[in-house]
Trainee: 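Shown below is the structure under consideration.
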Amino acid sequence: MSYSSGGPDESGRRRKVHGMLKLYYGLDEEGKISEKSQSLDPCDINGPHFDPELYLNKLRRECSLAELMDQETCMVKQIRSLDSDMQTLVYENYNKFISATDTIRKMKNDFKKMEDEMDCLSANMAAITDFSANISGTLQDQHAQITKLSAVHTLLRKLQFLFELPARLNKCLELKAYAQAVSFHRRARCVLQQYSHLPSFKGIQDDCHAIMDMLAQELRQRFRDGGTSAKDLSECVELLLQLDEPAEELCDKFLSHARSRLEADLQGLEAEIRPYPTAVKDDSARRSSAGSPTDSSPKTSSLPSPTPNTDILEFIDRGCNEFVSSLCLVIASYQELFISHAQTGELASKNIPQMANRKLHVFVDDLAAQYFSLVERRIQEEKGVSDNSLLVRALDRFHRRLQAVSKLLPSSTVPNQGTEIVIRAATERVKQYLAALQSFYMDSLTDVRQALAAPRLSVAGGTGSGGGPHLGGGATSRDAPNSLPELLSILSASILNQIKSVLASVHLFTAKDITFSNKPYFKGEFCSQGVRESLVVNFIKFVCQSSRQFCESAGDKGGSTPPALLLLLSRLCLDFETSTISYILTLTDEQFLVQHHSPVTPVTILCTEAREAAQKLLNHYVKVQGLNISQMLRKSVETRDWVNTIEPRNVRAVMKRVVEDATSIDVQVGLLYEEGVRKPHSSDSSKRTFSVYSSSRQPVRYAASYTPSAPMDTNLLSNIHKLFSERIDIFSSVEFNKVSVMTGIIKISLKTFLECVRLRTFGRYGLQQIQVDCHYLQMYLWRFVSDENLVHFLLDEIVGSCAHRCLDPSPMEQSVIEVICERG
Amino acid sequence: MYSVLWEPMGDGKRVISLADNQALLWDLQESPTKATVSSTATLEGKGQLKFTSGKWSPHHNCSQLATANDTAIRGWDLRTMSQIYCVENAHGQLVRDLDFNPNRQYYLASCGDDCKVKFWDVRNVQEPVKTLEEHSHWVWSVRYNQSHDQLVLTASSDSRLILSNMVSISSEPFGHMVDDEELSEGEDNPQEEKVKEPLKDSVVSTYEEHEDSVYAAEWSSADPWLFASLSYDGRLVINRVPRALKYRILL
């Protein structure tokens, strides 16, 4: 039980100590955390809520006797160790306290000694102060006298300087040390002014004035002579300014002097533009008169203009080195003299800087305008499109050097004007490139024309001049294949290459290392409007336009364009539509990083345009070729006397020509266009259709047509036929394939044949001849068209109409016709 | 002999005949039984030239004749029988027919094998005033309506008959954009073309009743809204100008 009473006591004391220590060291927060876990357990002997009763009861309830005994010894051990710890702590603290007390006692003794010494020091200082006051009192008088003496001395020296001044100035004048003279005079000027009422000073002042006038005269003379360097000049001006010369006049003089020198530079430049006064005089005069900035006569630049003896880079270089740099020098010295210098001095009050600034601006603008007009004239002479890099480099240098001016004169418009010139030059260049591209395109078309003319001699010679049909066909197939597609590929490749090279040269304008390439114009408008729209898009439009012109101009004049060229161009336009246009535009957009701020022509519009052009060309081709054949047919029908003709022995030569021409056209078209779809027909088409064809034209029917009812009969037949066949559009649009083209041509030819036959009157043998001819055409033409029934129908119509127009319609035996046709 | 033309106005005492390369002016008045040739004009040039068509102008007191040979249109003064104008290459191919505007003395319509119908001002023969390309084959006939000359009828061997409304070159302009006087004087052709009319030049309708080539078209002389066309198969079709258009013209 004694443990039970001692236990809680002990633990209570310990907890109090523990708590106080915690309070002392500020462990509240940690305590809180621990409280949370400990507060819940009243049986924790180290916890703050320890309840001895509970703990004891718990122990007694839970533990055996042996465990209780162990617990008890353990606890006693712990108590003992705690006691000894406490004793050690108290002892140590006590020792420290004693030593601190000793130290404080020692310090007290030392301070007392120091106090005595300080008192002694202050007494000494008071004695020294007394002595010093005594000494200064005795020296006072002498000091005042010395000061007075020295003042008199300086005054005397000044006077001496004044008296000597005229002589000095004269000497300076003799030695041409103007700067020193002016500085002397400046020093004396105020004094002389002040004491001018004294006669002696007056004399000196007059002398000085006379001398200074002379000096000013001298300086002005030097200034006027102008042969001196810029540095001398500026020195002169500086001195004159110090001599109170009127600044405005000086500004004018300075500027006019600078102007004369700069104008000399400009004249040098101008001389460069017209290097050969005798030979090129009228030429350059014409150009200069026509070369005003508004003049944009689209001179075809295919022929390089007679270039002056210096290239543009050299010219610009010279302009920069001579004119621009001296201009900068003038501006710099002027600003230093009249503006920055004046701002600090007394001149600032008289609005001198503003006035000077104004004058400078006028001056610079004026001269720069002259310079720019020269540069522009020179740039306009740069017509040859061969080397763009030179121009770009020249422009770059031009632009770069103007930046110097803009640094000197931030408010000046000169750099902007320079940029405008660059922009104008660039747009002009783009125009020139467009013209060059166009002329290149026209040239290559001429080449193609010539190339077509050469092989066509053999083609046309074989087929055109009426050789045998088989020989003609052979010649065509032998010669043509290596011309048309090759020409097409050469043409399109060369166009593409040309565009690429032009793009590459134009691209120089936007190169990174060119100073003006980061101007907003060159970043935006130049790329989108300049290059994309006015160069690339315009060129594509031009191609379409010129192609279309071939249709129109040739339409009235009757085919001045070779048909093969039409075909070729049509294919070219079609290729443009399918691939080339989008390729070129993508290339442009990529190269120039075109950002479409402004609306640009979309690819689709160009494509439709190209497709329309292709369609129109192909239609025109069909018309021209159809016309050629129908012209032959018409002549052959119109010029013959069909009433009094002899019995047909063979097919007329014209029909053979027609078939030959159709074959050669077929080959020609086949070279460039795909086959296309046709209505299916059997392998033995010519034979079978022939029989169908002839069956509708049985001799019996013709025999019947004598009778009065017969015309009704044939009419009915043909009308029924027409009811079931579609209406034929003769000159209709064709598709982009061979069969469609051929169908169009044959339709036109046969329709012409029909109309011509209707205008004539036939005899018996005339009808029979037409029968033979139609059969021959039937044998050969079916293979070209998409729907052979079309040929049958038209030929039926021809023979039918012919029978109508016949005085004695007795048709030929079918077998005889066949024999004649087979015989050739 | 290609064709015979009666004097369009007056008492019908004169006749022109066109044959091969000669145009003969006959006077029927001299003797009651026999016509006498009062003057002749001959077409001269390279090759064998033949008149293919002709028209006697109702204007200028019937003193002008227009003829076509191959691709050219020529005008003749009947008083001197000399050529007064010539439109070379009026059409790409043969010129088939001509007609004078009944109200505007210098205006002439022509059609031909190039499927086109062209309107000419004979004072300027370089360029046609207007071109129509509606047909798909030879145009055989072109006729102005006698009282409303904006209505033009064309017949073609593509078996179509087309009625066009050529407002911009007619003598009665729609709207009040242009002075009547100015138009009737016939000056400033290019300007006229640019004038925006409420009714634009257009094809009024296409008549496809014919199954074969249409060779002739003619307006009724009694009813200005009636016209007929004849085709190869012997079919004669009579049509009326659409009612809507009629009212637009009249009102």
Side-chain angles (χ1 to χ4, degrees), chain A residues 551-560 616 619-620 622-624 626-628 630-631 633-635 638-639 711-712 714-734 744 747-759 793-794 797 800-801 804-805, chain B residues 2 20 47-48 50 52-53 70-73 87-96 110 112-118 120 125-128 131-141 155-162 206-216 230-235:
Chain A
C551 301
E552 274 147 27
S553 64
D556 291 338
K557 300 284 181 300
S560 60
K616 205 161 178 187
N619 285 350
H620 190 65
V622 167
K623 257 190 197 180
V624 168
L627 182 70
N628 286 343
S630 54
Q631 207 75 5
L633 285 168
R634 207 180 88 193
K635 286 272 151 60
E638 278 177 358
T639 51
M712 273 296 290
T714 38
N715 258 351
L716 196 64
L717 187 82
S718 78
N719 278 345
I720 290 169
H721 194 119
K722 277 175 208 162
L723 278 181
F724 288 101
S725 64
E726 282 169 41
R727 187 188 289 272
I728 303 167
D729 267 346
I730 306 302
F731 289 117
S732 58
S733 238
V734 291
K747 263 196 308 196
I748 292 171
S749 315
L750 291 185
K751 181 73 180 176
T752 307
F753 195 12
L754 173 65
E755 294 293 337
C756 289
V757 163
R758 284 178 180 179
L759 289 174
F793 169 69
L794 281 168
E797 272 297 300
S801 300
H804 270 290
R805 300 287 301 167
Chain B
Y2 176 78
D20 282 348
Q48 282 203 326
K50 266 198 219 170
T52 54
S53 172
D70 201 23
T71 61
I73 299 172
V87 189
E88 297 280 2
N89 287 315
H91 284 267
Q93 299 172 48
L94 202 67
V95 181
R96 289 274 167 197
S110 68
D113 285 3
D114 57 357
C115 316
K116 288 174 187 164
V117 179
K118 294 187 180 180
W120 302 89
V125 296
Q126 303 303 319
E127 287 283 319
T131 304
L132 286 181
E133 290 179 72
E134 304 295 339
H135 287 290
S136 73
H137 202 241
W138 303 354
V139 187
W140 283 78
S141 175
S156 158
S157 45
D158 62 359
S159 52
R160 287 193 184 96
L161 181 72
I162 293 182
T206 304
Y207 300 93
E208 310 206 355
E209 283 87 356
H210 293 286
E211 298 292 346
D212 209 325
S213 311
V214 188
Y215 289 122
L230 179 68
S231 66
Y232 176 75
D233 51 12
R235 190 179 293 186

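This is a predicted model, so every value here is computed, not measured. Keep in mind that the numbers below use all heavy atoms, side chains included, and drop hydrogens, waters and symmetry copies.
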Trainee: Take a 6.0 Å sphere around CD of B/Glu127 and say whether it holds more than 12 heavy atoms from other residues, nucleotides or ligands.
Mentor: no
Trainee: Taking all atoms of both residues into account, what is the closest heavy-atom pair of A/Arg634 and B/Asp113, and its distance?
Mentor: NH1-OD2, 3.7 Å
Trainee: For a quick test of reading the model, state the closest non-hydrogen atom pair linking A/Cys756 to B/Trp138 and the distance between them.
Mentor: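 In this case the closest contact between A/Cys756 and B/Trp138 is SG-CH2, 4.2 Å.
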Trainee: Taking side chain to side chain contact (heavy atoms under 4.5 Å, CB included) as the definition, give me every residue that meets it alongside B/Thr71, ordered by chain and number, with sequence neighbours left out.
Mentor: B/Asn89
Trainee: Could you walk me through whether B/Asp114 and A/Lys623 pass the side-chain contact (heavy atoms from CB on, under 4.5 Å) test, one step at a time?
Mentor: CA-CA 9 Å; B/Asp114 57 357; A/Lys623 257 190 197 180; over 6 Å; no
Trainee: Hey, are A/Glu755 and B/Tyr232 close enough side-chain-wise for a donor-acceptor pair under 3.5 Å?
Mentor: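 No - no donor-acceptor pair under 3.5 Å links their side chains.
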Trainee: Who are the salt bridge (charged side-chain N to carboxylate O under 4.0 Å, His left out) partners of B/Glu134, not counting sequence neighbours?
Mentor: none
Trainee: Can you measure from CG (A/Leu754) to NE2 (B/His137) and round to the nearest 0.5 angstrom?
Mentor: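 The CG atom of A/Leu754 sits 8.0 Å away from the NE2 atom of B/His137.
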Trainee: To the nearest 0.5 Å, how far apart are CZ in A/Arg758 and OG in B/Ser157?
Mentor: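 Between A/Arg758 CZ and B/Ser157 OG, I get 8.0 Å after rounding to 0.5 Å.
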